[in-house]
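Just so we're on the same page: letters track the sequence lines, and every chain starts at 1.
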2 protein chains.
Amino acid sequence: MRFETSTIKDIAKALGLSTSTVSRALRDRYEISEETKKLVLAYAEKVNYRANPIARSLKERRSYSIGIIVSEIANNFFSQVINGIESIAYDRDYHVIISQSHESYKQEKLNVEHLASRSIDGLLIALSSETQDIDYLRSLYAKGLPIVFFDRVPKDFETHKVIANNFKGSFDATEHLILSGKRIIAHLTNSENLSITKERLEGYKAALAKYHIEFKPELVKYCQHGGMHSAELEQAVKELLPFNPDGIFISSDRLTTGCIMALKKTNPEVAHKIAIAGFTNSNLVELFNPSLTSVKQPAFEMGQVATELLISMIEAKRPITEFETKVLDTELVKMAKR
Amino acid sequence: MRFETSTIKDIAKALGLSTSTVSRALRDRYEISEETKKLVLAYAEKVNYRANPIARSLKERRSYSIGIIVSEIANNFFSQVINGIESIAYDRDYHVIISQSHESYKQEKLNVEHLASRSIDGLLIALSSETQDIDYLRSLYAKGLPIVFFDRVPKDFETHKVIANNFKGSFDATEHLILSGKRIIAHLTNSENLSITKERLEGYKAALAKYHIEFKPELVKYCQHGGMHSAELEQAVKELLPFNPDGIFISSDRLTTGCIMALKKTNPEVAHKIAIAGFTNSNLVELFNPSLTSVKQPAFEMGQVATELLISMIEAKRPITEFETKVLDTELVKMAKR
DNA sequence: GACGTTTTTGGGAACGTTTGCACACTTTTT
DNA sequence: AAAAAGTGTGCAAACGTTCCCAAAAACGTC
């Protein structure tokens with residue numbers, strides 16, 4: 001803000017003290033008499049003093065804020081994660097700054113670098129589907145920026161990570177399809193770059209294997225843009241239909257809703273014949289028609305856990321050498337009976 | 001970041017220049033020789049110099065960032081608005097900081113004040129449903145913080161505002177219900193505090209009047225928490241059903257989806273008999289069952305327009321005395337035939 | 001070559017904090 | 001009674017910029 005507001009200096013002058021004393025009183029430092037502290041606090045209250053966080057950041061080289069990078073806030077999963085992050089961060093006196101990569105590597109890098117230059121104390125990030133090169137993150141990390149990955153994590157990066165049990169979630173969903181009698185189960189998934197894509201594919205394969213159903217690579221379709229481009233998605237669906245799948249297991253929020261939409265639009269006659277099971281954190285699934293079986297990730301909790309880990313890194317006295325990868329269980333919400 | 005990075009001082013020392021000269025070269029000021037400028041820029045490039053925005057903010061008392069307050073990013077309408085805001089802001093070299101009020105007045109005030117203390121250059125805000133007292137905004141505004149309201153705007157606040165044509169949107173939706181033969185049309189709406197609530201109620205009334213249908217206050221139910229508390233919503237729906245409505249016009253995103261959900265849950269047998277028309281920007285309406293007629297707000301555009309207005313205020317040379325309230329048209333998306 | 005004018009550069013204060021150090025004053029110890 | 005230890009305060013530097021002001025350099029004119 002470009003307008004006047006009372007500063008430590010003003011208080012010092014008004015009270016005939018030095019700025020150092022005032023600062024110490026406000027920050028509740030050790031070497032300060034009860035009396036002066038009371039005095040300063042009372043006066044500060046009176047003039048409605050607000051510390052200038054910018055000045056503090058500059059001096060201390062930290063900002064008490066943490067950066068978040070997600071691909072889209074419009075995605076229920078991510079907005080729930082953000083709520084989880086906020087719930088912990090605010091408790092611990094951190095603020096959060098949210099940025100969207102829109103699944104673009106370039107945008108992601110730009111945002112991260114801007115956040116870093118704004119002195120964020122730590123970063124929580126779910127990689128974009130385009131991202132392959134994470135050297136820019138490595139270099140920030142090497143310079144001392146604490147980073148915690150969630151959901152979409154890189155391998156070969158030694159830090160805390162929080163993910164869902166993607167293998168089990170996929171396994172359960174696929175098994176559910178099989179147990180309801182489906183035999184030709186397609187798999188629609190995200191960019192191959194993503195960790196979640198690989199893990200979910202494995203779960204799908206394992207479920208097929210358990211029931212002795214042959215895995216057919218042609219039944220797996222990847223969408224580079226994670227469902228952001230409807231044309232890409234429709235194309236994938238179109239390529240899948242000739243195999244006459246009776247079930248589709250879909251591995252991400254955007255893709256799940258997008259796929260149903262594409263089916264309804266391009267092949268309404270089969271839309272109800274194909275059973276769908278997919279990852280989604282939409283709180284509107286109950287309204288969907290055709291209905292579907294959904295795999296819900298513990299998004300809020302994931303945000304909380306990631307934030308706790310990040311803050312522990314930020315506030316650690318000594319360099320951390322032991323890192324954890326927390327794995328949280330997903331929940332299978334079975335399709336309503338029709 | 002608490003780690004070393006090259007500064008203007010470093011460059012000055014390395015090149016045997018003064019910090020002032022380097023600063024001028026970097027900022028492309030007038031009084032500087034081409035030669036030195038080239039030299040400095042080349043070196044800056046080489047050492048990958050990044051200006052420290054914190055220092056700049058402190059010095060200039062502005063931050064090239066704008067604050068956004070919405071109630072929930074998980075709401076499609078707001079996340080689309082945010083995308084619109086970003087699209088303009090980034091073009092004009094501003095960054096955005098998003099905060100959520102979660103429909104709480106206290107949280108809203110806290111967030112605004114934090115943003116203000118972080119030297120945001122301007123504020124874009126949609127009021128929370130709880131907010132009645134906006135004196136804290138007035139006082140910031142009086143101190144020089146540019147504010148543009150969107151969607152949920154206060155009256156008696158002289159500044160730019162951007163809203164949807166709520167009256168017409170409601171009128172159209174209600175008329176649509178009437179034209180499809182409905183006669184007992186209930187209205188489920190937000191907190192009475194909100195500007196949108198009043199405007200939408202008027203549109204609803206006007207449509208009823210046009211077709212000589214008596215307006216009955218008991219058919220209007222307000223939800224203080226805007227659909228955030230499902231109990232409140234279910235209660236409202238329960239109170240409406242005894243009147244045997246054959247149509248419901250709903251005035252907000254959260255309420256629309258929430259109401260359908262409540263109907264399905266508590267009275268599945270009537271859920272399909274009641275025609276629903278409601279405001280929502282969900283991109284999943286096509287999947288809903290029962291289907292509904294939706295009023296879509298031009299959310300992205302609203303964000304864009306609001307941001308343009310805000311930036312014009314921020315960059316205005318002289319105090320602005322003429323303010324506009326832009327009204328954008330909504331779009332009625334009629335229910336698919338069943 | 002002295003002088004004025006213009007262009008380029010440097011010195012240094014300022015933005016609002018925090019903090020190491022020194023100093024003054026009290027209290028305790030010897 | 002002097003020395004030591006403890007407590008509270010102030011001074012001043014620092015964080016990385018920007019920008020006013022003055023100095024220096026370059027150039028033109030007579």
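- Residues in residues 122-142 of chain A take part in these salt bridge (charged side-chain N to carboxylate O under 4.0 Å, His left out) pairs, two or more places apart or across chains: D135(A)-R138(A).
- Checking V22(B) against L26(A), the closest nucleotide of DNA chain C that is more toward the 5' end is the one next to V22(B).
- Going from atom CD1 of I32(A) over to atom C1' of dT18(C) covers 13 Å, rounded to whole Å.
- The main-chain N or O of S129(B) is found under 3.5 Å from a side-chain atom of S191(B) such that the two form a donor-acceptor pair.
- Within the 4.0 angstrom heavy-atom criterion, no nucleotide atom of any strand lies near I54(A).
- Within 4.0 Å (heavy atoms only), L58(A) reaches at least one base atom of the nucleic acid.
- Interatomic distance, I68(B) CD1 to F150(B) CZ, rounded to the nearest 0.5 Å: 7.0 Å.
- Within residues 34-45 of chain B, no residue is approached by DNA chain D to less than 4.0 Å at the level of any non-hydrogen atom.
- For the helix from dG1(C)-dC30(D) to dT30(C)-dA1(D), the end axes, each set by the C1' atoms of five terminal pairs, are bent relative to each other by 60° (nearest 10°).
- The salt bridge (Lys or Arg N to Asp or Glu O under 4.0 Å) test applied to E103(B) returns R152(B), not counting sequence neighbours.
- In this structure, K326(B) places its NZ atom where only 12 or fewer heavy-atom neighbours from other residues, nucleotides or ligands lie under 6.0 Å away.
- For H225(A), the ring pair (Phe, Tyr, Trp, His ring centres under 6.0 Å) test picks out H229(A), with sequence neighbours left out.
- Considering OG of S57(A) and CZ of R118(A), their distance stands at 8.5 Å, rounded to 0.5 Å.
- Applying the ring pair (Phe, Tyr, Trp, His ring centres under 6.0 Å) rule to Y141(A) yields the partners F157(A); only residues at least two apart in sequence or on another chain are considered.
- Using a 4.5 Å cut-off on side-chain heavy atoms (C-beta onward), L115(A) and L123(A) make contact.
- E158(A) meets the salt bridge (Lys or Arg N to Asp or Glu O under 4.0 Å) test with no other residue; sequence neighbours excluded.
- Under the 3.5 Å distance criterion, the side-chain polar atoms of S119(A) are left unmatched by any main-chain donor or acceptor of S63(A).
- Partners of K38(B) according to the salt bridge (Lys or Arg N to Asp or Glu O under 4.0 Å) rule, which considers only residues two or more places apart in sequence or in another chain, are E34(B).
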Give me, pair by pair, the N or O atoms of the protein and of nucleotides 19-24 of chain C that are less than 3.5 Å apart, along with how far apart they are.
from    : atom 1 : to     : atom 2 : distance (Å)
dT19(C) : OP2    : R29(A) : NH2    : 2.6

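- The backbone N or O of Q100(B) lies less than 3.5 Å from a partner atom in the side chain of N111(B), making a donor-acceptor pair.
- When the salt bridge (Lys or Arg N to Asp or Glu O under 4.0 Å) test is applied to R92(A), the partners found at least two apart in sequence or on another chain are E315(A).
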Verdict with reasoning, H95(A) to Y90(A), per ring-ring contact (aromatic ring centres under 6.0 Å, His included): CA-CA 6 Å; H95(A) 274 85; Y90(A) 289 162; 5.2 Å; yes

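- Proximity of residues 7-14 of chain B to DNA chain D (heavy atom under 4.0 angstrom from any strand atom) is restricted to T7(B), I8(B), K9(B).
- Protein chain B contacts DNA chain D over a range whose 5' and 3' limits, counting nucleotides with an atom under 4.0 angstrom from a non-hydrogen atom, are dC15(D) to dC20(D).
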